[in-house]
Amino acid sequence: MTIREMQRVLNAQFLYGEELADLDVQFVFSADMMSDVLAYGSKCSVLITGLCNPQVVRTAEMLDIVCIIFVRGKMPDENMLALARSKSIAVLATEHYMFTSCGILYENGLRGGA
Amino acid sequence: MSEQLTFTYTIDGNDFTRAGEASSSVKNKLKMLGVGSDAIRKVAIAMYEGEINMVIHADGGVITVSVSDNDITMVLADKGPGIPDISKAMQEGYSTAREEVRSLGFGAGMGLPNMKRFTDEMHIDTELGKGTTITMKVHL
């Protein structure tokens, strides 16, 4: 599934990274605790989270994650988006809750890393 | 690469938003040196957890990263409060972090276990009231 397809099925806003929209992704990790993302998400290329601070982008960077999806209507600020831009990490935002977002992506063929 | 390369970073203990900049810089440097992506990811995760720990618990510190033909060595030295019980601190889920730290996505008691999980060697040298030095190696 591409980032653009994820955006469509989640009815999400593209906050950064339209040029990355055709990247193909397979594995997704979802958590609000960044330590859990670091511990268990290292095989994933998409991060779904409701946490909204610069360390989310840093965590994604360390794991070579290509797309962050903010759920529950969380909106990253300009500093976070600038950081994501500098690391070429696409950023989406959806109003869906985390469970619903994960369910929609799972239904569309994406899987967890383990 | 025949000689050892060393990078040193001073970590600001007062600015959580900047935590991770040193790890990010090391990640980029290792990429430019042509280090394999698996090793880079291990170093990045372990160092980032260590960097966050320094900001959360120790008011900053100094990180030295050395790259040789055989391994990457990270030495994280702080003058913080020290770790009273290392075996407890190594248990997943055990945390002494403040609630505000948890609200930032850390302090779940995964920092030290993650550092061990993603490195090939880890040694903790700590003294209460004096500080902690953690040495980690990732083999190449």
Side-chain angles (χ1 to χ4, degrees), chain A residues 23 25-72 74-89 91 93 98 113-114, chain B residues 11 15-28 30-31 35-53 55-57 74 89-95 97 99-119 138:
Chain A
L23 275 179
V25 297
Q26 281 182 300
F27 297 110
V28 182
F29 194 82
S30 62
D32 286 348
M33 290 305 295
M34 292 302 109
S35 286
D36 280 345
V37 181
L38 290 163
Y40 308 118
S42 62
K43 291 193 170 58
C44 294
S45 50
V46 177
L47 170 61
I48 300 180
T49 188
L51 186 74
C52 201
N53 70 43
Q55 298 309 333
V56 173
V57 186
R58 286 278 178 221
T59 299
E61 178 197 358
M62 299 308 156
L63 297 178
D64 297 319
I65 278 169
V66 299
C67 179
I68 301 168
I69 302 171
F70 290 99
V71 295
R72 305 193 287 270
K74 297 290 165 69
M75 276 293 162
D77 63 17
E78 195 37 55
N79 289 337
M80 289 173 65
L81 288 176
L83 190 57
R85 238 186 330 267
S86 72
K87 307 298 174 191
S88 294
I89 300 171
V91 181
M98 188 184 279
Chain B
I11 308 304
D15 193 351
F16 185 79
T17 60
R18 292 186 60 196
E21 283 184 2
S23 305
S24 172
S25 164
V26 166
K27 189 170 188 264
N28 288 336
L30 295 179
K31 210 178 276 180
V35 174
S37 58
D38 281 350
I40 292 179
R41 194 172 304 135
K42 285 157 96 178
V43 168
I45 294 172
M47 181 171 160
Y48 180 53
E49 286 280 19
E51 198 179 340
I52 293 280
N53 266 352
V55 175
I56 293 174
H57 296 289
M74 295 161 271
M90 289 304 299
Q91 284 172 23
E92 290 191 1
Y94 178 81
S95 175
E99 194 51 45
E100 67 189 88
V101 170
R102 290 172 209 234
S103 70
L104 293 166
F106 290 89
M110 296 297 289
L112 286 172
N114 273 354
M115 289 156 74
K116 191 169 175 62
R117 177 180 284 134
F118 287 101
T119 53
V138 171

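Just so it is clear: chains get the letters A, B, ... in the order the sequence lines come, proteins before strands, and each one is counted from 1.
Residues B:Thr119 and B:Met74 are in side-chain contact: their nearest non-hydrogen atoms beyond the backbone lie under 4.5 Å apart. Counting heavy atoms from C-beta on, the side chains of B:Met115 and B:Asn53 come closer than 4.5 Å. Contact of the A:Thr49 side chain with the A:Phe70 side chain is registered, since non-hydrogen atoms from C-beta on lie closer than 4.5 Å. Counting only heavy atoms from C-beta outward, the side chains of A:Ser35 and B:Glu49 approach each other to under 4.5 Å.
Using a 4.5 Å cut-off between heavy atoms, B:Glu92 contacts chain A through its side chain alone, with no backbone atom that close. Only the side chain of B:Phe118 comes within contact range of chain A, with heavy atoms under 4.5 Å apart. For A:Leu51, the part lying near chain B is the side chain, with the backbone staying farther off; criterion is any non-hydrogen pair under 4.5 Å.
Close approach to chain B, defined as a heavy atom under 4.5 Å from one of its heavy atoms, is seen in A:Asn53, A:Pro54, A:Gln55, A:Arg58, A:Thr59, A:Glu61, A:Met62, A:Leu63 of residues 53-63 of chain A, taken by number. Contact residues of residues 38-48 of chain B toward chain A are B:Arg41, B:Ala44, B:Ile45, B:Tyr48 (heavy-atom distance under 4.5 Å).
Nearest heavy atoms, A:Ala31 versus A:Val37: CB-CG2, 3.9 Å. Nearest heavy-atom pair across B:Ser95 and B:Gly109 is CB-N, 3.6 Å.
Scored by the side-chain contact (heavy atoms from CB on, under 4.5 Å) test, A:Met75 finds A:Gln13, A:Leu15, A:Ala93 as partners (sequence neighbours excluded). By the side chain to side chain donor-acceptor pair (under 3.5 Å) test, B:Thr17 pairs with B:Asp15, sequence neighbours left out.
The backbone N or O of B:Gly20 sits nowhere less than 3.5 Å from a side-chain atom of B:Ser24 that would complete a donor-acceptor pair.
Using a 4.0 Å cut-off between a side-chain N of Lys or Arg and a carboxylate O of Asp or Glu, A:Glu78 and A:Arg85 qualify as a salt bridge. Salt bridge A:Asp32/A:Lys74: absent, no basic N to carboxylate O contact under 4.0 Å.
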